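Worksheet: the structure to be examined is printed underneath.
Lettering follows sequence order; numbering is per chain, from 1. No experiment lies behind these values; they were computed from the predicted model shown.
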Number of protein chains: 2
Amino acid sequence: MSNDTDPISVAVVEDVTQVREGLALLISSSDGFDAIGAYDSAERAIEAFATRPPDVVLMDIGLPGMSGIEATRLLKERWPSVQVMMLTVYEDDDRIFRSLQAGATGYVLKNTSPTDLLHDISTLNRGGSPMSSSIARRVVETFHATPPSEPGEEPLTKREEEILALLSEGFRYREIADKLTIGIETVRTHIHHIYRKMHVRSRTEAAVKYVRRTSR
Amino acid sequence: MSNDTDPISVAVVEDVTQVREGLALLISSSDGFDAIGAYDSAERAIEAFATRPPDVVLMDIGLPGMSGIEATRLLKERWPSVQVMMLTVYEDDDRIFRSLQAGATGYVLKNTSPTDLLHDISTLNRGGSPMSSSIARRVVETFHATPPSEPGEEPLTKREEEILALLSEGFRYREIADKLTIGIETVRTHIHHIYRKMHVRSRTEAAVKYVRRTSR
DNA sequence: GCTGGAATCCCACGAAAGGGGGATTCCGGC
DNA sequence: GCCGGAATCCCCCTTTCGTGGGATTCCAGC
């Protein structure tokens, strides 16, 4: 059980010496924070964590050898309670999402001020997910429902939607027909129409489109 | 083109009079903010926006009549540039995600301090996505990849993963074989292994599992 | 009352996909 | 050096799909 006076132990993984040491200095010289390690590669950091894992890791993405994203995945596997905050210059969707998928719970840009960074570390440690504002916006935007109909996509009828749903679950024509108590030929006809409207040529393509559309 | 001196116009939608007026007072009495309206229902707010939509809307969720989430959807449809921030006591996943899907770009809890709230409004207006820290964490957690292996799921080899990805895009065996410059029989063998490991019996089932796993 | 879309059913044909075998080569770990 | 997994290739046989027609019924909107 920790209390107010327990400093947050922080490790830095960053290959550029100057940045790494600057961060370590900032952290160790701040009240309530304890820099317990600064490493120039993910491999070295992981090695050191075997002895003592930190509360929080500031992780660069562009590292020599194992990337910061890969390292995050490994870290979270071995030490699930370690909180990883990506600290990087990248703000492309791909890196953001792969980082979060890997288990990072914070994602801040390197242009963050020292004060804000310390604040973010402490937020992370308290169970929040600090993100630079542009990052947060990107994350939130992935939730926005896609417009009712994609350009050029004709809407499906009720019955077609129904059949598409079953199709996506892998049911055979025969099974769909039985479920809906209609003939298999009817099912085939509906599916033809679905394919034409969705511009696909196989059930798999249709299913993938459907799943992407429904599961956000 | 706005500049530093243009106040951010804010509307409040909140059915509890005391809260509504408190917010309006806070906003109108703060530098850089302009309370242009406070409404006790979504319907009334929408009516008023026809005359002048605000930059930012603080939206309660639990409203009489149309819910704040429904209202957000409508608002974003008619005035896409309006920034909606949910301001609520709820922090269940369902309300959070439905709000974000509806187009909200901020989600803060009502226990937020006045200072922080003003800061959040301004962050929202600058293109960020302010979220209370517990909310941000929930949002981020939805990105976490499902544990490396679901119970009873054997891991796929590199080659199998590769083929599964192509399979999910709807490529035929022949096309996959050509892309990877291997024989079609090899493709078939890999796919058999994939199906066995994933406990599925068709490419569609495999594709759906794959898509759900990768696209969050 | 006509028109058109939705939903239903039918047929035939060829192309894919799925299931079950078996086999070889390569490589890394014990 | 042996073993096992990964990756490769091969064959046979059955089922399911995808495509391209055509047809009927029902109902709502004009």
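By the 6.0 Å and 45° rule, Arg95(A) stacks over the aromatic ring of Tyr90(A).
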Quick one: side chains of residues 170-184 of chain A, donor-acceptor pairs under 3.5 Å with protein atoms, not counting sequence neighbours, listed by atom name and distance.
{"unit_1": "Arg174(A)", "atom_1": "NH2", "unit_2": "Asp178(A)", "atom_2": "OD1", "d": "3.3"}
{"unit_1": "Glu175(A)", "atom_1": "OE1", "unit_2": "Arg172(A)", "atom_2": "N", "d": "2.8"}

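Among the protein residues, His192(B) comes within range of the nucleic acid bases, having at least one heavy atom under 4.0 Å from a base atom.
Separating the CZ atom of Arg201(A) from the C1' atom of dG14(C) is a distance of 14 Å, rounded to the nearest angstrom. Distance Arg159(B) CZ to dT25(C) C1': 15 Å, rounded to the nearest Å. Regarding Glu160(A), its CD atom lies at a distance of 7 Å from the P atom of dA6(C), rounded to whole Å. Between Lys197(B) atom NZ and dG18(C) atom C1' there is a gap of 18 Å when expressed in whole angstrom units. Atom NZ in Lys158(A) sits about 18 Å away from atom C1' in dT8(C), given to the nearest Å. Here the P atom of nucleotide dT8(D) and the CD1 atom of Ile163(B) are 7 Å apart, to the nearest Å. Nucleotide dT8(C) holds its C1' atom 7 Å from the NE2 atom of His190(A), rounded to whole Å. Atom CD in Glu162(A) sits roughly 13 Å away from atom C1' in dA6(C) (whole-Å rounding).
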Checklist outcome for this item: With sugar-phosphate taken as primed atoms, P, OP1 and OP2 and all else as base, the protein-contact string of nucleotides 23-30 of chain D at under 4.0 Å (heavy atoms; B, S, -) is --------
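At least one donor-acceptor pair closer than 3.5 Å links the side chain of Lys76(B) to the backbone N or O of Val82(B). Here the side chain of Thr157(B) pairs a donor or acceptor atom with the backbone of Glu160(B) at under 3.5 angstrom. Proximity of a side-chain donor or acceptor of Ser41(A) to a complementary backbone N or O of Arg44(A) within less than 3.5 Å is detected. Using modelled atom types, no side-chain atom of Thr88(A) and backbone atom of Leu109(A) make a donor-acceptor pair closer than 3.5 Å.
Neither side chain, Ser134(A) nor Arg138(A), offers a donor N or O lying under 3.5 Å from an acceptor on the other.
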Please write out the pairs of protein N or O atoms and N or O atoms of nucleotides 15-17 of chain C separated by less than 3.5 Å, giving the distance to one decimal.
{"unit_1": "dA17(C)", "atom_1": "OP1", "unit_2": "Arg203(B)", "atom_2": "NH1", "d": "2.4"}
{"unit_1": "dA17(C)", "atom_1": "OP2", "unit_2": "Tyr173(B)", "atom_2": "N", "d": "3.1"}

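Listed by chain and number, the residues in a side-chain contact (heavy atoms from CB on, under 4.5 Å) with Ala24(B) are Ala38(B) (sequence neighbours excluded). Taking the side-chain contact (heavy atoms from CB on, under 4.5 Å) definition, one finds that Glu185(A) meets it with Arg188(A), sequence neighbours left out. Judged as a side-chain hydrogen bond (donor to acceptor under 3.5 Å, both in side chains), and not counting sequence neighbours, the contacts of Thr105(B) are Gln83(B). Annotation: side-chain hydrogen bond (donor to acceptor under 3.5 Å, both in side chains) contacts of Asn111(A) (sequence neighbours excluded): none. Judged as a side-chain contact (heavy atoms from CB on, under 4.5 Å), and not counting sequence neighbours, the contacts of Val89(A) are Lys110(A). For Ala206(A), the side-chain contact (heavy atoms from CB on, under 4.5 Å) test picks out Leu164(A), Tyr195(A), Met198(A), Val200(A), with sequence neighbours left out.
Taken over five-pair windows at either terminus, the axes of the helix from dG1(C)-dC30(D) to dC30(C)-dG1(D) are inclined to one another by 50° (rounded to 10 degrees).
Within the structure, side-chain hydrogen bond (donor to acceptor under 3.5 Å, both in side chains) pairs that include any residue of residues 48-57 of chain A comprise Ser9(A)-Asp55(A) (at least two apart or interchain).
Interface residues of residues 175-187 of chain B facing DNA chain D, ordered by number: Ile182(B), Gly183(B), Glu185(B), Thr186(B); criterion, heavy-atom separation under 4.0 Å.
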